[in-house]
Amino acid sequence: GAVVSQHPSWVICKSGTSVKIECRSLDFQATTMFWYRQFPKQSLMLMATSNEGSKATYEQGVEKDKFLINHASLTLSTLTVTSAHPEDSSFYICSAREGGQSGTQYFGPGTRLLVL
Amino acid sequence: EDQVTQSPEALRLQEGESSSLNCSYTVSGLRGLFWYRQDPGKGPEFLFTLYSAGEEKEKERLKATLTKKESFLHITAPKPEDSATYLCAVNMIKAAGNKLTFGGGTRVLVKP
């Protein structure tokens, strides 16, 4: 089956620093990847859609200058949380879509971010 | 307004007690409906994709069905390892970027 990895799985950082999270599709190419945020006991909240070779599309209310997304290849997208603050602490999950617009999104294992 | 609603929010089952989870959707044009399983602290794990009304898919103790207004995930003779949150998501034809709209999930607890 399609496998998506994320790195790191856990990160603790000081307030004001930047953190980069990587999302890789291991056995398929993905022109489109997605970044989600999930709060405890809630469903997934889409932050942005990442398209290979072009700018990401952000959902309403998501600060594009704070959450930088780069999708430089067909197997890698990165999310950088810039100048992180405690309120950015959350569970971040990426997904990669296999196939065309009707394709299935496969999710990574998630990254737990704690900002002190 | 396009909506995806899952019910019940939580379900407690005895081992072996079959049950069904519901995902109802009100969207104008369905491209696909997806079921995922999520364990605490992990990303969602793909279970099924359904594209058209009448379609059914099975995997071990799980069976997903689709009508024009809803989808059911049937759990037959569940085991404790089936305990998880089950998420339903819809890809709408008009959705920009073909993004998924998720329901709130159903938390399933299977007791031995």
Side-chain angles (χ1 to χ4, degrees), chain A residues 1-7 9-10 21 23-24 28 30-52 54-60 62 69 71 90-113, chain B residues 2-11 21 23 25 27 29-52 55 57 59-60 64 66 84-109:
Chain A
V3 180
V4 176
S5 70
Q6 269 183 256
H7 178 80
S9 55
W10 260 101
I21 303 170
C23 177
R24 294 180 185 272
F28 66 100
T31 55
T32 305
M33 293 185 173
F34 302 85
W35 286 96
Y36 295 83
R37 187 172 177 176
Q38 188 173 35
F39 294 101
K41 296 190 176 182
Q42 292 188 25
S43 194
L44 283 74
M45 182 186 79
L46 180 66
M47 297 174 66
T49 301
S50 169
N51 296 296
E52 188 265 338
S54 64
K55 290 184 179 180
T57 303
Y58 291 82
E59 294 300 299
Q60 193 171 13
V62 177
I69 291 172
H71 192 159
S90 191
F91 191 49
Y92 293 88
I93 311 173
C94 74
S95 72
R97 189 174 67 218
E98 183 181 35
Q101 55 190 9
S102 300
T104 297
Q105 284 188 33
Y106 294 93
F107 287 82
T111 297
R112 178 78 58 191
L113 170 63
Chain B
D2 297 317
Q3 278 193 322
V4 181
T5 305
Q6 289 188 246
S7 62
E9 288 186 9
L11 190 59
L21 283 56
C23 172
Y25 59 94
V27 300
L30 179 71
R31 178 169 279 133
L33 185 142
F34 304 83
W35 282 99
Y36 294 89
R37 167 200 170 120
Q38 186 176 24
D39 293 302
K42 297 186 178 180
E45 174 190 343
F46 170 70
L47 294 175
F48 303 109
T49 305
L50 301 166
Y51 291 109
S52 56
E55 191 174 0
K57 294 218 174 143
K59 179 182 177 181
E60 296 180 355
L66 181 66
T85 296
Y86 291 85
L87 299 169
C88 165
V90 167
N91 182 350
M92 296 176 279
I93 289 174
K94 69 175 186 181
N98 302 297
K99 59 187 178 183
L100 296 179
T101 299
F102 279 87
T106 295
R107 294 189 309 278
V108 174
L109 176 63

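A/S43 places a side-chain N or O within donor-acceptor distance of the main-chain N or O of B/G103, the cut-off being under 3.5 Å.
Using the six-membered ring where Trp is involved, B/F102 and B/Y36 have ring planes that are tilted, between 30° and 60° apart.
The side-chain hydrogen bond (donor to acceptor under 3.5 Å, both in side chains) test applied to A/Q105 returns A/Y36, A/S95, not counting sequence neighbours.
Neither the backbone nor the side chain of A/T57 comes within less than 4.5 Å of any heavy atom of chain B. A/Q6 does not touch chain B: none of its heavy atoms, backbone or side chain, sits under 4.5 Å away. Contact of B/I93 with chain A is not made at all, since no heavy-atom distance falls under 4.5 Å. Proximity to chain B is absent for every atom of A/Q42, based on heavy atoms less than 4.5 angstrom apart. Looking at B/Q38, the atoms closer than 4.5 Å to chain A (heavy atoms on both sides) all sit in the side chain, from C-beta outward.
Each of A/S102, A/P109, A/G110, A/A2 has some count of heavy-atom pairs under 4.5 Å with chain B, and the biggest count is that of A/S102. For the set B/G104, B/G32, B/G41, the count of heavy-atom pairs under 4.5 angstrom toward chain A peaks at B/G41. Among the candidates B/G43, B/P44, B/P40, the residue making the largest number of heavy-atom pairs closer than 4.5 Å to chain A is B/P44.
The neighbour count for B/K57 NZ, taken as heavy atoms of other residues, nucleotides or ligands under 6.0 Å away, is above 12.
Annotation: salt bridge (Lys or Arg N to Asp or Glu O under 4.0 Å) contacts involving residues 43-52 of chain A, sequence neighbours excluded, are absent.
In this structure, B/F48 CZ and B/E55 CD are separated by 11.0 Å, a value rounded to the nearest 0.5 Å.
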